Every structure is written in structure tokens, then in C-alpha cells.
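Note sheet for the following structure.
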Amino acid sequence: MNRGPTWFNVTSLVLGFAFLYIPILLLIIYSFNGSRLVTIWGGFSTEWYVALVNDDQLLDAVWVTLRVAALSSAVATVLGTMAALALTRYGRFTGRSLFSGMTYAPLVMPEVITGLSLLLLFVAIGFERGYWTIVLAHTTFTMCFVAVVVQSRLVTFDRSLEEAALDLGCSPAKTFFIITLPLILPAVVSGFMLAFTLSMDDLVIASFTTGPGATTLPMRIYSQVRMGVTPEINAICTVMIGFIAIIVLIASIATKHQETVRRREEQAAAR
Amino acid sequence: MTKVRTQTIGAVRRTFAPWNDPTATPLIRFENVVKRFGAFTAVDHISLDIYEREFFALLGPSGCGKTTLMRMLAGFEEPTDGRITLAGQDLTGVPPYERPVNMMFQSYALFPHMSVADNIAFGPRQAGMAKGEVAARVEEMLALVKLQAFAKRKPHQLSGGQRQRVALARAVANRPKVLLLDEPLGALDKKLREETQFELMDLQQSLGMTFLIVTHDQEEAMTVADRIAVMNNGVLVQVDPPAAIYEQPATKYVADFIGDVNIIPCKVEGCFGTDLRLVTPLTPHPLQVTHAGEQKVGDEVVLAIRPEKLRISLDAPDAAAGNCFTGTIWDIGYLGDLSVYHVELPCGTRIKVSQPNLSRVVERPITWEDKVYVTFTPHAGVVLSQ
Ligand SMILES: Nc1ncnc2c1ncn2[C@@H]1O[C@H](COP(=O)(O)OP(=O)(O)OP(=O)(O)O)[C@@H](O)[C@H]1O
Ligand SMILES: [Mg+2]
């Protein structure tokens, strides 16, 4: 069988990538457009980036977004890891499969529904909407992503390592921090990264749960775009793309490295 | 060097038998211990005493509950019923990290993210030992298992045998009262295994600890242990020193499980003090057997005879030679030091006879299809109930 690339493979690959990346490429190129009109090329310029730095409203949105993402993903990582531990460890409690099903549900739940139900909750309990409600909402919806990532690592975790630590006189809590956590850390870190980017990207849930004074970057961009796309928006999007690309790159390099180390160690240990 | 030390150990061992001493108090006591997993009973009313400095082996087929018994002593499982005491202290409810018992895991369970030295230092550090002392203890342990050159390596950079030695060093580093070894030598080849068995015995003597080892290799159990417990389906079948287990098996199961044995179904025809006369379908002549048991005339019993307790010859023995079977050679297994003859009796039953190959050249060797006489003395076999 001929395993080399056929013209069909090559074409579909080129088309696929073109479809994915040409819009992004266009956006990046137009962010350096000298003209105020988005679709007409007016020469190379970085003026929109300068304008960006002077746009207080936009900078404020960036700041809110980063704070929300950092706080909600940190909390989601802790809670998600705890949920994953509970679901893999405590064998057969009643309603276990219901619980694990419920962890996955938010992954497939339409965001509008998650957003709307959270909004209803906040209204019902009279929680003043703003920065904190976005943080809470993001923690809720990113937590299950963390749980899923960590759970898949815990399934292959060798429990006898923990037993060995207990046997040698280490308390259960300490065992978790010096044996379990270091060994599942790569999964926890990728869970955190995932939660962070998800929180940064989110528009729908944030729009539902926000209140006056707390506008995230995606919300800001969306509301500005409704009044017409400006090169300034292109510039901020380019910065965001760069930022996310760097996070994803670091995360994938780190997990890849950790994964090879772990494979090697586990293969060696199983020998 | 090791040889000499092993000999002194042998000398010490011969006089070590606290289980026969009614005044001795056991270190570990299992009192009617039961462990159930759901409806399944893994350990069924086990009572067992293990004494200080004893090397005790648990032997039995896969799934008979050996690991479960050991995990209850280590504290990873709580008995469903009964209790375990260690040096008089009831262990019920004592968590694993507070028991003076350490375990060497079947999978070794070395911490993959720590170096060899850190693995060994783990126990002493948890015990709150001072930094300098920990370092000294690690040095000592590394020397003990001859791994000084590997202190900085990670477990994945070691060979299987080296990892096993690290696991051993880590388990003894805390100087536990009792060391539990769950099939510690399972991953080693035969030669390394034999070497390590002697190292283990050596270590046990020099550290003066109590060892409880799980194995399903009967030869290993015979080599290392002061006493062996044979388990089957969660119950203890027999607890005795190796020689007693081999020569005086308590049941047909033990006889069959340990070593090779010929099981000959018989019926008691006459009973004269300790002399029994047995009839068997295997030969027309009655068998004369010495046995101090409660057999009565008419009982259905089995005679268990080890292959090496039988004699084989091509010539008819004189009448005084005792019990005799006649048959033809069905197969011969040549093992170098021994030959194992499979003799087919007229009734179709096959029995095994092993003979040492005493000389290099034999005038008329026994070969296939030969008609042979198999003889044995009244003391050769053990009479067991069906
Ligand atoms: N956590 C558990 N839940 C249910 N059944 C169990 C559990 N642990 C052990 N068992 C059962 O108990 C029985 C004894 O298991 P155990 O591990 O003690 O066997 P073993 O004698 O050590 O066997 P092996 O020589 O194969 O290691 C087995 O039938 C096993 O299936
Ligand atoms: Mg086992």
C-alpha cells in the first residue's frame, strides 16, 4: 500500500488549514493596517497598538479578564482535582455513576443554559452581580474540565505507591502532598491551563452572569464589533492570539516532556 | 565470606524453636481472623502465632488469601472479625502509618520521582530522625544491599534486581519489628533468586527482625523459613517447620502441594499397634506400613510416598525387602543428578520413582519398557485420610 501523501490528502490538508488560519492571518495583517477602514489596505502601521495602550476601557477589560481567569482557574483546579480524587478513589458509593455522569454533563451542556441557570441562581439568592459572579460561574464550568483531565491520570495511578508511603509512617494528608500530587502534577497543570484559557475565551456565560462594572475582554470586543469592526479590535485580538498560543505551546511542551518521563519510569517500574 | 556466615546461621537456626516452648510469648497473634469481601471469604478463621526473630513463610496457591492476611497485619485492610495483636497490643483501628510493621511490596512501589537515597531515607524522615542520622542510616542501608554507587539514581535507571534491593533497603530502613515481604523475589531469575534468599536470611539474622514472607514457590519457602504455613482457600492447612511439612504432611492436600508425591489409595486391613496392613488395587500383595495414627480396620486411606523414598531395580527383590510393586518403565526423566522413572503398574496407574545417578557408567541401565520392581520400607510413606 502506498503510504505517501496523495494529491487528495494534500488538497484536503491545504484546504483545511486555509479555512482555519486564513481568517486569523487576515486579522493579524489588518491589525497593522494604516487605514481606519478595515477592508482597505492603507499601508503598514502600528498606530492601533499605540491606541490600544491608551484605551482605558479596553485595558480595564483585559485586567478584569486576567483576574477572573487566574482566580477561577486556580479554584477550579483545586475543586476539580478533589472531585477527580473522590470519583476515582471512593470505590462504590451509592450513586457513584450518577456523580461521574454529572461531572461530564457541563462539558456538553449548551453554554446558554449554564449561563442562564447561573443567572437565575444569582438573582434568586440576591447575589449582587459583577466580578465575583463571573468568577463563580467560571469556576463552576471549568471545574469539570479539570476533573476530567485529572481523573484520566488517576485511573492509571499505582495505589501501592501511596500504601508504601503510609506504611513507612507518612500520614495520609502528607502522602497526598509528597507522593500523589507530584506524580499527577502534569495533569493538574494542564487542567489549570485549560481552565485558564476557557475562562479567558468565554463570552456567553460571562455575559449572563456579569453586572455593572465588570466587563471582560470578549464582552468588550463583542460590543464594540456590533458598532463596526475597528483596526483596534484587530490589534487586541492579535495580542490575545499570541498570548493563548504561548500558553498552549508551553502546556503542550511541558505535558509532552512529563509524559515521556512518566512513561519511561512506569515502563521501567513494570519490568 | 557469605558461606561462612550462612553456616553460623544454620547453627543458630537448629536450636531456634520458640513455638515448642510453652512459656514463650508470641510477637504476632492472629486470633480467629476473618476477612470477607462482600459474600466472598478471603481469610477464614485463621489463628496463628508468630514469634520474635522468626522467619515465617506463607505458602499457598494463587488467590488463597496470603496477601490479604499480610495486608491486614500492615493495616491496609481491617479484619471483618477476630483481631490481630503485635507484642501484646491490639492492632484493631491502628492505621498503617502507626504500626511498627513495614512491607516490601510485590511491585516494589518505589517512588519514581525520588532518588534511591531519598526512597531509602523516606521512612527515617517520617519518623522524625535528625538529618545527620538519616544520612548515616541511608549509607548503612546502601552498604547492606551493596548499592552505594547508585544512591543518586532514579528507580527507572536501575535493573530489576537492583530495584528489588532498594525496595528491601527502604522497608528495613526504619528497623521495624516485623518486615512483611510479599513475593519479594518474584521478578528475579533462578540464580539471583537463590543468592538473594541467602542474603535475606543473613539480613534477618543480623538485624534480629521478624520476617513474614509470602511466596508460592515452595522451594523458596523451604530454604528461608523457620516455619511454613500452608494455606488453601483462606484456611491454614498446616503450620510446621519445613522438614515436618515435607516428611509429615498433615493432609493429602499438603503432601500434594509440597514437592512430588505418589498418592496410593488403600484400605486398612489389619492394625497391630503402629503397624498397619493395607490393601490396594495397585498390587495383589498387602502393604506393611508403620504409622502412629487413629486408623481403624476398614478405613479408606491414602498412602503418600515421595518418589525418592522408593527404590527401583531390574532384579526381583528377596521377600525380606518389604513392600513391592511390579511394573514397566513408561518414561524416564534425566535431570543430571537424578533420574525420574515413571513406572506403569498392571492396573494402569503410574507412579514416580527418583534415584540419584550415583555412577557415571552403569552396566545395565534401566530403560524404556523394562520390567522393574519398586520397593519401599514400612517407614517410607505417610498414611493420610482420604
Ligand atoms: N479488595 C478486594 N475485593 C474483593 N476481593 C478481593 C480483594 N482483595 C482480594 N480479594 C480476593 O480475595 C482472595 C485472596 O486474595 P489474595 O490477594 O490474598 O490472594 P493471594 O493468596 O495473595 O494470591 P496470589 O498468590 O495470586 O498473590 C482472591 O480470591 C481475591 O480475588
Ligand atoms: Mg498475593
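Everything numeric in this text was worked out from a predicted model, so none of it was measured. Convention: sequence-line order gives letters A, B, ...; per-chain numbering from 1.
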* Are the side chains of A:Thr88 and A:Val155 in touch, meaning some heavy atoms are under 4.5 Å apart? ->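 Side chain of A:Thr88 against side chain of A:Val155, heavy atoms only: contact under 4.5 Å found.
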* Asked: Less than 4.5 Å apart, any side-chain heavy atom of B:Glu199 and any of B:Leu168?
  ->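 Side chain of B:Glu199 against side chain of B:Leu168, heavy atoms only: no contact under 4.5 Å found.
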Non-hydrogen atoms of chain A under 4.5 Å away: do they reach the side chain of [X], the backbone, both or neither?
X        : result
B:Leu110 : backbone
B:Asn102 : both
B:Arg125 : neither
B:Met104 : neither

* Identify whether NZ of Lys or CZ of Arg in A:Arg159 sits under 6.0 Å from the centre of the six-membered ring of B:Phe76 and within 45° of that ring's axis. =>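 Because its charged atom misses either the 6.0 Å distance or the 45° angle limit, A:Arg159 does not stack over B:Phe76.
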* Picking from B:Tyr97, B:Phe122, B:Phe105, which has the most non-hydrogen pairs under 4.5 angstrom with chain A? ->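 Among the listed options, the one with the most contacts to chain A is B:Tyr97.
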* For A:Asn9, does its backbone N or O pair with a side-chain atom of A:Thr6 as donor and acceptor, under 3.5 Å? ->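 At least one qualifying donor-acceptor pair exists.
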* Please work out which of the three classes, parallel, tilted or perpendicular, describes the rings of A:Phe17 and A:Tyr21, given edges at 30° and 60°. =>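 Taking A:Phe17 first and then A:Tyr21, their aromatic rings lie parallel (interplane angle under 30°).
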